[in-house]
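Everything on this sheet refers to the single structure shown next.
Bear in mind that the values here come from a model prediction, so they are computed numbers and not experimental data. We use all heavy atoms of the structure for the numbers below, so side chains are in, but hydrogens, waters and symmetry mates are not.
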Amino acid sequence: MQTHAGPPMVFAMPMMRDFVPKPLRPWIYVVFAFCFQLGGGLYLGAINEIISTRQFLLEDVLMCLYCNLAGMAVYFPLLFRMKFHFPNKVLLLGASVGLIVSNIGAAYAPNLPMLWLFCIISGFCKIQGTFECMSNIQLWMTPKRDFRVFFPLLHIFILGAMQVSDYLAAQIAYTSAWENMHWLMSGIYMTIAIVLIIITKAVYIMPPVPLKGIDWISALLWLAFLLQWAFFFCYGQTLDWLHSASMRTVGIAAIATSVLIVVRMLWLKQPYIDPQIWRVKHFLPILSIITIAEICFASEHVLEEVFYEHGLEYTDHVAARLDWWSFMGVVIGCLFALLWMKVCDFSKLRLVTIAFFALAAYLIIFYNIISSALNIESLRLPLMLRSMAAAIMSIALMTLLHDIFTFQTFFMALSIFNMIHMVIGGVVGAAFYSYGLNYFIADNISRFSQCFDHISMSVENIPFAFKMDSFSHTVMLVSIKQLYGIVAYVCLSVGMLLLLYKLPLRRGFKRMQSWNEVGKRMLKRMARQEKKA
């Protein structure tokens, strides 16, 4: 489907109709990919407006985020099966229509289960649309299929679109109703669908590969496990953990689901996730690194939000001004990773180490600047460092995964990686920060409340209500500062340990086959499996 004939300006895209100018064709898919990444279930840039108008808990809205991310993570092993079964036009139209339905449905869903279902569907469609666009222009971006180039450029779209989406949602919620963001995105996807109908045609790159042998039950089990895990840690603090019957039920269900997943993985000839990937050298250390990193990065969704809302009393509209600095951090991080891996050809593990030190710098700066009198300009540098660290970490670890896995197992490994990267690590980190914040606030109140007595109150001549309000505000800031300090120590420790760890992997790029060759090998493998059966 992608044949690199001549310079990039005449890059061939046979699914495009003849009247579309050839130099413009890949750029159309660039715009489409960015628009697909803008989509989601609920848009957290308007989180306070959503909570107030729909009478949701904060945990209800965060659960929508994890449903969206779980849908994306579980779908990875299906991406190439869909690509080799359906033409490009059908896949992109399906993704566009699915995002239209999920956006409108999420804005007006009558209950939480239905809302979560729409968020899961939007995750499926979002990753399908992005992958189909980017896989068709991959040779235009890097004619040698060099993932040291492809992943940095890809993450500019993935992480950059998150910041743009948050900013748009906050601005729209400030000027009108938050539901208008969903109508805006639905209009964008309707435009994409119309453009696709006009400028593309259904072209098969090879005879369609049948969708036989896909373990759909295991795919649903993986999705159920992620949702159970997310529910348990997202609502744990609110429902008082195992003291609640609901939490005990979800915990038992998660254990039962994980047992079923393992049984099917070991007994089926074609499981959804091949158990052999767990035996690949360096895979478990990579998963350990991303788990620790995501727990540390979760401070963005708990500590930062608490600090903005209660410490600085920022509205979503004001806090959204910082998204552009986060976007700049993403671009700097992606370009730095590109320079480090492609131009300089340095160690990818050392790049991960740099990401941990950048994350530690963000935490240390926040630890030192937390104050109720802080001006918004002081937040620019730490937020840029955090976004830069997130981009570098994700790019480096995904490139390491590509180096250690074969193409047939890479997307299975990428699915497991993203389950931790998108859902498990983040929700565990958020639960840790929520529990830690409650613990430190209570502990600090008990420690410092002894400073109040009748003598000090009469001498200062300050109203008791004002005194207590100031006291509780200060205690909260001190508690946030303590958590930032603890996590900064963790990041510095992990970074120093990685300096001592050596990973004997390739420095150059790993060659990859064309899509036609991949599809033919898939057909041959399926034929051999049918003969054995």
Side-chain angles (χ1 to χ4, degrees), residues 1-5 8-41 43 68 71-72 75 78-80 82-107 118 121-141 150 153-154 156-158 160-165 167-169 172 179-205 208 515:
M1 188 172 187
Q2 302 95 339
T3 57
H4 187 69
M9 291 300 291
V10 292
F11 177 74
M13 297 181 69
M15 79 289 294
M16 292 285 187
R17 298 190 184 275
D18 294 337
F19 65 84
V20 182
K22 289 185 177 180
L24 189 62
R25 293 178 182 182
W27 288 106
I28 294 174
Y29 270 34
V30 167
V31 175
F32 285 177
F34 187 78
C35 291
F36 281 122
Q37 277 300 308
L38 287 176
Y43 298 92
N68 183 262
M72 293 174 63
Y75 198 78
L78 296 175
L79 287 172
F80 269 101
M82 297 299 174
K83 182 178 182 62
F84 293 139
H85 184 78
F86 297 103
N88 172 261
K89 181 176 183 176
V90 172
L91 291 173
L92 290 180
L93 278 174
S96 301
V97 173
L99 283 167
I100 292 171
V101 172
S102 60
N103 266 275
I104 297 175
F118 283 123
I121 293 172
S122 70
F124 293 157
C125 298
K126 180 177 178 179
I127 192 64
Q128 180 66 76
T130 304
F131 172 79
E132 192 58 28
C133 288
M134 300 305 289
S135 64
N136 279 283
I137 59 173
Q138 187 187 60
L139 282 177
W140 175 70
M141 298 166 66
F150 180 68
L153 297 179
L154 175 65
I156 292 178
F157 293 96
I158 295 175
M162 291 170 57
Q163 308 303 325
V164 175
S165 175
Y167 180 81
L168 286 175
I172 290 173
E179 291 92 346
N180 289 339
M181 178 66 180
H182 292 257
W183 286 106
L184 171 64
M185 296 310 303
S186 298
I188 290 174
Y189 297 126
M190 179 64 73
T191 304
I192 290 176
I194 293 171
V195 172
L196 284 167
I197 292 172
I198 295 172
I199 70 171
T200 62
K201 52 189 176 181
V203 174
Y204 289 91
I205 59 175
W515 300 149

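- Across all their heavy atoms, Leu91 and Met82 have their closest contact at CD1-O, 3.6 Å.
- Of the possible donor and acceptor atoms, none in the side chain of Ser165 sits under 3.5 Å from a partner among the backbone N and O of Ala161.
- Here the CD1-CG distance, from Ile199 to Leu24, works out to 8.0 Å after rounding to the nearest 0.5 Å.
- Residues satisfying the ring-ring contact (aromatic ring centres under 6.0 Å, His included) criterion with Phe124, sequence neighbours excluded, are Tyr75.
- Rounded to the nearest 0.5 Å, atoms CG (Leu154) and OG (Ser135) are 10.5 Å apart.
- Taking 4.5 Å as the limit, every side-chain heavy atom of Phe32 sits out of range of all side-chain heavy atoms of Asn136.
- In this structure Tyr167 satisfies the ring-ring contact (aromatic ring centres under 6.0 Å, His included) test together with Trp324, sequence neighbours excluded.
- For Ser122, the side chain to side chain donor-acceptor pair (under 3.5 Å) partners are Asn68, not counting sequence neighbours.
- Interatomic distance, Ile158 CD1 to Lys126 NZ, rounded to the nearest 0.5 Å: 9.0 Å.
- Considering all non-hydrogen atoms of both residues, Gly98 and Ile121 come closest at O-CG2, 4.3 Å.
- Counting heavy atoms from C-beta on, the side chains of Ile192 and Leu92 never come closer than 4.5 Å.
- Taking CZ of Phe150 as the reference point, atom CE of Met134 lies at 5.0 Å (rounded to 0.5 Å).
- Closest approach of His182 and Ala107 over heavy atoms only: CG-CB, 3.8 Å.
- Met13 is not listed as a side-chain neighbour of Trp140, based on a closest heavy-atom distance of 4.5 Å or more.
- Met15 is not listed as a side-chain neighbour of Lys89, based on a closest heavy-atom distance of 4.5 Å or more.
- The backbone N or O of Ile198 lies less than 3.5 Å from a partner atom in the side chain of Arg17, making a donor-acceptor pair.
- Residues satisfying the side chain to side chain donor-acceptor pair (under 3.5 Å) criterion with Tyr29, sequence neighbours excluded, are Asn88.
- With rounding to the nearest 0.5 Å, the separation of CD in Glu132 from CZ in Phe86 is 11.5 Å.
- Contact annotation: the side chain of Met185 never approaches that of Leu99 to less than 4.5 Å [non-hydrogen atoms, C-beta and beyond].
- Residues Thr130 and Ala33 share a closest heavy-atom pair of OG1-O, 4.1 Å.
- The heavy-atom pair separating Asn103 from Ser186 by the smallest distance is CB-OG, 3.5 Å.
- Other residues, nucleotides and ligands contribute at most 12 non-hydrogen atoms within 6.0 Å of the CE atom of Met162.
- Two residues are said to be in side-chain contact when any heavy atoms from C-beta on lie closer than 4.5 Å; Val30 and Phe157 meet this criterion.
- For the side-chain contact (heavy atoms from CB on, under 4.5 Å) test, residues two or more places apart in sequence or in another chain that qualify with Ala95 are Phe36, Cys125.
- Taking CD of Glu179 as the reference point, atom CG of Leu184 lies at 13.5 Å (rounded to 0.5 Å).
- Judged by distance alone, with hydrogens and angles left aside, the side-chain atoms of Tyr189 form a donor-acceptor pair with the main-chain N or O of Gly39 at under 3.5 Å.
- Ile197 pairs by the side-chain contact (heavy atoms from CB on, under 4.5 Å) definition with Leu93, not counting sequence neighbours.
- The nearest pair of heavy atoms linking Ala169 to Tyr43 is CB-CB, 3.6 Å.
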